[in-house]
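So the structure is just underneath, and the comments pick up after that.
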Amino acid sequence: MIRRNPCMANIRAGYLFPEIAKRRREYAAKNPGARIISLGVGNTTEPILPHTDRGLVGGAERLGTREGYSGYADEGFEELRRRISDVFYKNAFGIDEIFISDGAKCDIGRLQLLFGAGVSVAVQDPSYPVYVDGSVLVGAAGGWTGEGYAGLLYLPCTGENGYFPDVSKLPENGLFYFCSPNNPTGAAATREQLSALVRAARDRGTLVIFDAAYSEYIRDPSLPKTIFEIDGAKGCALEVNSFSKAAGFTGVRLGWTVVPRELVYQGGESVNADWTRLSATVFNGASNIAQYGGLAALDGEGLAEIRRLSDFYMENARLIREALRKLGVGCVGGDNSPYIWARFPGRDSWDVFSEILEKCQVVTTPGTGFGPAGQSFIRFSAFGRRVDVEEACARLSRM
Ligand code: PLP
């Protein structure tokens with residue numbers, strides 16, 4: 001029989017969410033009447049708003065007509081790429097620098113294929129799991145050591161450093177995944193912090209994969225929504241973004257990646273040209289229906305809906321923060337992001353997870369699931385129905 005890919009043997013079996021599901025099942029089996037509420041996942045819960053939805057429906061109808069039909073859209077509709085450049089980047093990019101995708105996570109996986117096995121990789125610790133797991137899958141990181149994956153550089157983001165890593169440690173000529181607003185800590189990097197990141201990346205030849213999936217949750221106007229607000233970023237960064245959390249497209253699937261023309265490898269070759277080549281090889285473009293929805297989401301009415309939808313989840317975040325404040329639990333996030341990172345000093349994340357489940361019948365996410373520096377933290381997600389969030393907040397008083 002075929003030999004197993006050794007990288008598959010290196011990756012730990014689905015650890016975090018399956019373990020959470022198992023503990024939830026066990027609790028439910030022992031407590032059959034319990035109504036368990038989840039504040040544990042990043043999946044959206046609210047319906048797509050009407051104008052954006054009409055874009056999707058209208059797009060599906062167009063595909064049923066002779067004049068409106070379209071097939072493969074390769075790098076994406078030109079009009080959508082132009083609108084993304086206008087809405088998010090003040091037209092700083094040509095359409096050949098913007099690639100429409102079926103979501104940020106899928107593009108992160110393809111970027112990992114692009115940079116391959118031989119690259120040094122650093123991540124924020126804690127971090128969104130695909131940066132780490134995908135690096136293992138392509139062989140850029142080795143087996144589990146008990147504390148992390150071999151060969152991967154974990155840059156701690158803790159209360160002591162304001163949840164911003166020591167960028168003097170970026171891997172020379174390597175890759176660094178940076179997410180702001182951050183999943184899971186909820187921290188949104190300031191202009192000064194991002195300027196320091198860009199300076200360090202340029203000095204050390206590090207390429208930054210900037211994940212801006214939560215940019216529409218930024219409320220403080222002084223905070224950058226994209227790395228490209230920082231001078232010099234075009235020479236050291238690319239950016240992934242998504243309609244998932246902004247427009248409720250988690251199940252529709254639409255995102256984009258910006259790969260500046262200026263971005264080159266050490267030999268001077270174009271990253272943009274390689275990305276175009278790789279995308280054409282393993283990806284056939286995002287759904288045209290989703291792209292019609294994306295166009296609607298980015299016109300005047302659509303942008304107002306993005307604001308309304310994100311405001312809804314931000315109100316959930318405020319309720320959760322308030323409930324934690326009443327309990328005297330220290331937390332960050334939830335002000336420019338939909339995640340709240342709550343600290344339980346001296347305690348094990350999984351023990352706190354179990355206590356919240358048992359006393360409140362609320363499912364959360366233990367911080368250690370996002371990396372070693374997540375120990376003693378719990379992530380609360382603001383993605384939920386309002387009745388559930390209110391009920392969960394009331395129950396937290398039992399802690
Ligand atoms: N990036 C971050 C930081 C996320 O938290 C998520 C989803 O939870 C994604 C990307 C995935 O985005 P998409 O739905 O576009 O694949």
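Keep in mind the model is a prediction, meaning the values are calculated, not measured. Numbering of ligands and ligand atoms starts at 1, following listing order.
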Please state which protein non-hydrogen atom is closest to [atom] and give its distance, to 0.1 Å?
{"atom": "atom 14 (O) of ligand 1", "answer": "Ser244 OG, 2.6 Å"}
{"atom": "atom 3 (C) of ligand 1", "answer": "Asp211 OD2, 3.3 Å"}
{"atom": "atom 7 (C) of ligand 1", "answer": "Lys245 NZ, 3.1 Å"}
{"atom": "atom 11 (C) of ligand 1", "answer": "Tyr128 OH, 3.3 Å"}
{"atom": "atom 12 (O) of ligand 1", "answer": "Ala104 CB, 3.8 Å"}

Are any non-hydrogen side-chain atoms of Arg35 and Ile37 less than 4.5 angstrom apart? yes
Over 60° means perpendicular and under 30° means parallel, so classify the ring planes of Phe353 and Trp350, tilted if in between. perpendicular
Parallel, tilted or perpendicular: which describes the rings of Trp256 and Phe88, with under 30° parallel and over 60° perpendicular?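 The arrangement is tilted - the two ring planes meet at 30° to 60°.
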Worked verdict on Tyr217 versus Asn336 for side chain to side chain contact (heavy atoms under 4.5 Å, CB included): CA-CA 5 Å; Tyr217 287 82; Asn336 292 290; over 6 Å; no
Any [X] heavy atom less than 4.0 Å to ligand 1:
{"X": "Ser242", "answer": "yes"}
{"X": "Tyr214", "answer": "yes"}
{"X": "Gly255", "answer": "no"}

For Asp107 and Arg110, what are the C-alpha separation, side-chain angles and deciding distance, and is it a salt bridge (Lys or Arg N to Asp or Glu O under 4.0 Å)? CA-CA 5 Å; Asp107 258 0; Arg110 288 186 285 265; 2.8 Å; yes
Which of the numbered atoms in ligand 1 are below 4.0 angstrom from a heavy atom of [X]?
{"X": "Arg253", "answer": "13 (P), 14 (O), 16 (O)"}
{"X": "Cys179", "answer": "3 (C)"}
{"X": "Gly103", "answer": "15 (O), 16 (O)"}

Which heavy atom of Glu97 sits nearest a heavy atom of Asn272, and at what distance?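 Closest approach of Glu97 to Asn272, heavy atoms only: CA-ND2, 3.8 Å.
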Decide yes or no on ring-ring contact (aromatic ring centres under 6.0 Å, His included) for Phe228 and Phe210, but give the supporting numbers first. CA-CA 10 Å; Phe228 297 117; Phe210 188 84; 8.0 Å; no
If you count the non-hydrogen atoms of other residues, nucleotides and ligands that lie under 6.0 Å from CG in Asp220, is the total more than 12? yes
